[in-house]
Amino acid sequence: MGINTTKGINRRRFLAAAGLGATGAALTACTGRSPAPPAAPTTTPPVTSAPATTTPAADSIDYSALRAKLAGQLVTPDQPGYSTARRSYNPLFDDRRPGAVAQVSSVSDVQACVSAAAGTHTPIAARGGGHSYLGASTPDNALVVDLGRLSAISPQPDGSVVVGAGTRLIDLYAALAAAGRCLPGGSCPSVGVAGLTLGGGIGVLARRYGLTCDQLTSATVVTADGTVRTASPGSEPDLYWALRGGGGGNLGIVTSFTFSTAPAPSPTVFSLRFPAGSVGQVLGEWQHWLAGAPDELWSNCTVTVGSPPTCRVGGCFLGSPAGLAPLLTSLAGRAGVQPVSKYSKQMSYLDAMRYFAGCAGDSVAQCHLSSAGGALGRESFVASSRVLAAPVTDLTPVVRACTGPAGMSVIFDGLGGAVGRVAADATAFPHRSALATVQIYLDTTAAAQAASTAQVTSVRDELAAVLGPGAYVNYLDRTTPRQDYYLGNLARLTQVADRYDPTAVFSTLGR
């Protein structure tokens with residue numbers, strides 16, 4: 001994922017030269033893979049795999065009239081900036097041709113776009129960071145509402161923070177760190193806060209502080225009728241429930257979020273690389289080790305497909321290296337396998353977020369895509385997901401599924417702790433009792449996309465028979481049933497969507 005050429009060196013080549021292998025830092029940033037240690041101490045879209053809702057044939061939006069209503073810019077195919085404006089994170093979607101991209105700069109701009117789409121039955125899609133695994137924020141012939149200009153970050157005296165829906169995670173983490181605060185969230189620095197939050201928000205601080213959506217206290221939303229609503233426990237409570245894990249772009253367009261925050265910790269990050277052939281022992285014990293670990297410890301286990309597969313355990317501990325050491329010793333002892341390399345280092349909150357973002361040592365500005373003036377490249381990939389509902393006794397089928405041509409990663413990202421102390425029906429995110437989410441990820445090219453998709457799907461289906469029901473909505477694919485993303489919460493989600501979007505202006509839940 002992501003070859004960086006803007007800094008004068010191929011990032012994958014740099015990692016290989018440093019003896020860290022081909023699991024690149026930029027690749028790590030957006031898959032949730034624990035980064036390989038440095039060479040020396042110095043990882044939103046429509047929620048549906050069902051047929052799209054049947055609506056009347058689209059009339060044509062009068063884009064000239066819409067442009068006149070916007071304070072921001074409206075970019076149409078006849079304009080020079082169109083090719084750049086329509087581009088999403090994954091180059092596999094570069095052939096998508098939306099009808100227009102509205103680069104909105106106010107809530108009223110969003111209202112104008114929603115009203116225009118609703119009045120003509122034109123598909124509409126919100127774009128935060130553009131990282132949808134299905135390219136759902138860049139559909140053909142649709143009006144794309146690009147929220148990138150709505151990126152203000154306002155820490156409040158009470159410890160909360162108001163965040164524009166177009167904010168990228170690295171900017172949010174930097175602003176919070178300057179205020180001495182933190183928010184649990186994902187690792188990919190260019191991901192938008194909107195898609196992350198609306199799908200739940202898994203991250204390296206989740207076991208201590210919960211999901212990103214668990215910190216959401218209110219959201220400003222433009223719903224299908226063009227109304228600006230505040231969703232909070234005391235205002236539009238059903239909408240507030242649905243926005244916390246119900247998936248981006250399903251119930252309206254969120255323009256800002258208010259989160260509670262916590263004092264910024266100084267995490268100790270770590271990485272243990274284990275020898276080839278030890279996946280069964282390491283992953284088998286990792287499940288039980290993590291389940292019994294204190295909330296201050298978060299970890300994932302990244303399995304690299306091969307013959308035989310290999311694995312690395314990484315994560316962070318909200319404490320000192322001395323406090324972490326016995327926990328890591330315990331894992332190796334229980335597995336009966338010693339790591340071939342080990343790394344740990346205590347860092348500031350912001351440095352830890354940069355480490356997990358794959359841009360340790362870079363400035364915040366460099367932790368952006370090159371299109372935004374940064375040093376990171378885009379990433380061409382296919383992916384899917386499952387959920388590890390509980391520890392698996394016989395991991396033979398898992399190891400078998402991960403044995404094959406090299407290049408794919410299967411990433412077990414830990415849950416539990418604070419995540420599991422929220423009831424499954426308290427928010428739309430249903431996987432509260434699960435031990436981990438599981439991402440199946442494969443770098444690919446446009447020419448190899450079909451073959452890569454088949455390979456990922458095959459591994460997903462093999463794992464599904466072992467791991468239990470469930471999939472993570474922020475890792476959408478085209479063939480996973482939507483029931484797997486929401487489990488017992490799907491019926492209520494559909495009811496909320498019917499209430500706030502009765503004519504399916506948004507591509508909601510496969511209705």
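Heavy-atom basis, side chains included; hydrogens, waters and symmetry copies ignored.
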Would you be so kind as to tabulate the donor-acceptor pairs closer than 3.5 Å made by side chains of residues 159-169, with sequence neighbours excluded?
{"from": "Ser160", "atom 1": "OG", "to": "Asp158", "atom 2": "OD1", "distance (Å)": "2.6"}
{"from": "Thr167", "atom 1": "OG1", "to": "Ser151", "atom 2": "O", "distance (Å)": "3.4"}
{"from": "Thr167", "atom 1": "OG1", "to": "Gly164", "atom 2": "O", "distance (Å)": "2.8"}
{"from": "Arg168", "atom 1": "NE", "to": "Ser190", "atom 2": "O", "distance (Å)": "3.2"}
{"from": "Arg168", "atom 1": "NH1", "to": "Gly128", "atom 2": "O", "distance (Å)": "3.1"}
{"from": "Arg168", "atom 1": "NH1", "to": "Gly166", "atom 2": "O", "distance (Å)": "2.9"}

Between Thr444 and Gln449: side-chain donor-acceptor atoms closer than 3.5 Å: no
Can you spot which of Val392, Val387, Leu388, Ile440 makes a side-chain contact (heavy atoms from CB on, under 4.5 Å) with Leu463? Ile440
First locate atom CG of Leu376, then atom OG of Ser370, and finally report the distance between them rounded to the nearest 0.5 Å. 8.0 Å
Less than 3.5 Å apart, any donor N or O on the side chain of Ser232 or Thr230 sitting next to an acceptor on the other? no
For Tyr500, what residues pass the ring-ring contact (aromatic ring centres under 6.0 Å, His included) criterion, not counting sequence neighbours? none
Give a yes or no answer on whether the side chain of Ser385 reaches the backbone of Gln439 with a donor-acceptor pair at less than 3.5 Å. no
Going by the rule side chain to side chain contact (heavy atoms under 4.5 Å, CB included), which residues pair with Thr227 if we only count those two or more places apart in sequence or in a different chain? Thr223, Asp225, Arg229
Phe259 meets the ring-ring contact (aromatic ring centres under 6.0 Å, His included) criterion, sequence neighbours left out, with Phe257
Could you tell me which residues satisfy side chain to side chain contact (heavy atoms under 4.5 Å, CB included) with Pro237, sequence neighbours excluded, listed by chain and number? none
Rounded distance [0.5 Å steps], CG in Leu283 versus CZ in Phe412: 5.0 Å
So, does Thr120 use its side chain to make a donor-acceptor pair with the main chain of Ala116 at under 3.5 Å? yes
Can you see whether Arg478 engages Thr453 through a side-chain donor-acceptor pair at a distance of less than 3.5 angstrom? no
Shortest non-hydrogen pair, Asn141 vs Thr122, comes out as O-CG2, 4.0 Å
Minimum-distance pair of heavy atoms, taken over all atoms of Ala264 and Tyr349: CB-CB, 3.9 Å
May I ask you to decide if Phe93's main-chain N or O and Asn90's side chain share a donor-acceptor pair within less than 3.5 Å? no
Between CG on residue Asp146 and SG on residue Cys113, distance to nearest 0.5 Å: 10.5 Å
If you measure from OG1 on Thr437 to CG on Asp413, what distance do you get to the nearest 0.5 Å? 4.5 Å
Of all heavy-atom pairs between Ala219 and Leu243, which one has the smallest distance, and what is that distance? CB-CD1, 4.0 Å
Heavy-atom pair with the smallest gap, counting every atom of Leu290 and Leu435: CD2-O, 4.4 Å
Looking only at heavy atoms, what is the nearest atom pair of Ala464 and Arg386, with distance? CB-NE, 3.6 Å
In terms of ring plane angle, is the pair Tyr133 and Phe381 parallel, tilted or perpendicular, where the classes change at 30° and 60°? perpendicular
Do you see a donor-acceptor pair shorter than 3.5 Å between the side chains of Thr76 and Arg67? yes
Looking only at the side chains, is there a donor atom on one of Ser299 and Trp286 sitting less than 3.5 Å from an acceptor on the other? yes
Check this for me: does any side-chain nitrogen of one of Asp425 and Arg432 sit under 4.0 Å from a carboxylate oxygen of the other? no
Applying side chain to side chain contact (heavy atoms under 4.5 Å, CB included) to Val305 and not counting sequence neighbours gives Cys402, Met408, Val410
Write out all pairs satisfying side chain to side chain donor-acceptor pair (under 3.5 Å) with one or both partners inside residues 91-101, taking only residues at least two apart or from two chains. Asp94-Arg378
Determine whether a donor-acceptor pair (N or O, by modelled atom type, separation under 3.5 Å) exists between the side chain of Asn300 and the backbone of Gly414. no
Residues two or more places apart in sequence or in another chain: which of them pass disulfide bond (SG atoms under 2.5 Å apart) with Cys182? none
Among Leu198, Leu150, Thr197, Thr220, which one satisfies side-chain contact (heavy atoms from CB on, under 4.5 Å) with Val254? Leu198
Taken in chain and number order and not counting sequence neighbours, the residues that satisfy side chain to side chain contact (heavy atoms under 4.5 Å, CB included) with Pro98 are Tyr82, Arg86, Val101, Thr138, Val144
Applying salt bridge (charged side-chain N to carboxylate O under 4.0 Å, His left out), name anything that partners Arg492, two or more places apart in sequence or on another chain. Asp238
Phe429/Tyr486 under side chain to side chain contact (heavy atoms under 4.5 Å, CB included): CA gap, chis, key distance, verdict: CA-CA 7 Å; Phe429 181 89; Tyr486 297 113; over 6 Å; no
With sequence neighbours excluded, tell me which residues meet salt bridge (charged side-chain N to carboxylate O under 4.0 Å, His left out) with Asp109. none
Atom pair CZ/OG of Arg460 and Ser384 - distance to nearest 0.5 Å: 4.5 Å
Under 2.5 Å between the SG atoms: is that true for Cys359 and Cys367? yes
Test of understanding: with salt bridge (charged side-chain N to carboxylate O under 4.0 Å, His left out), list the residues that count as partners of Asp171, not counting sequence neighbours. none
Work out which heavy atom in Leu183 is nearest to a heavy atom in Leu205; give both atom names and the distance. O-CD1, 4.4 Å
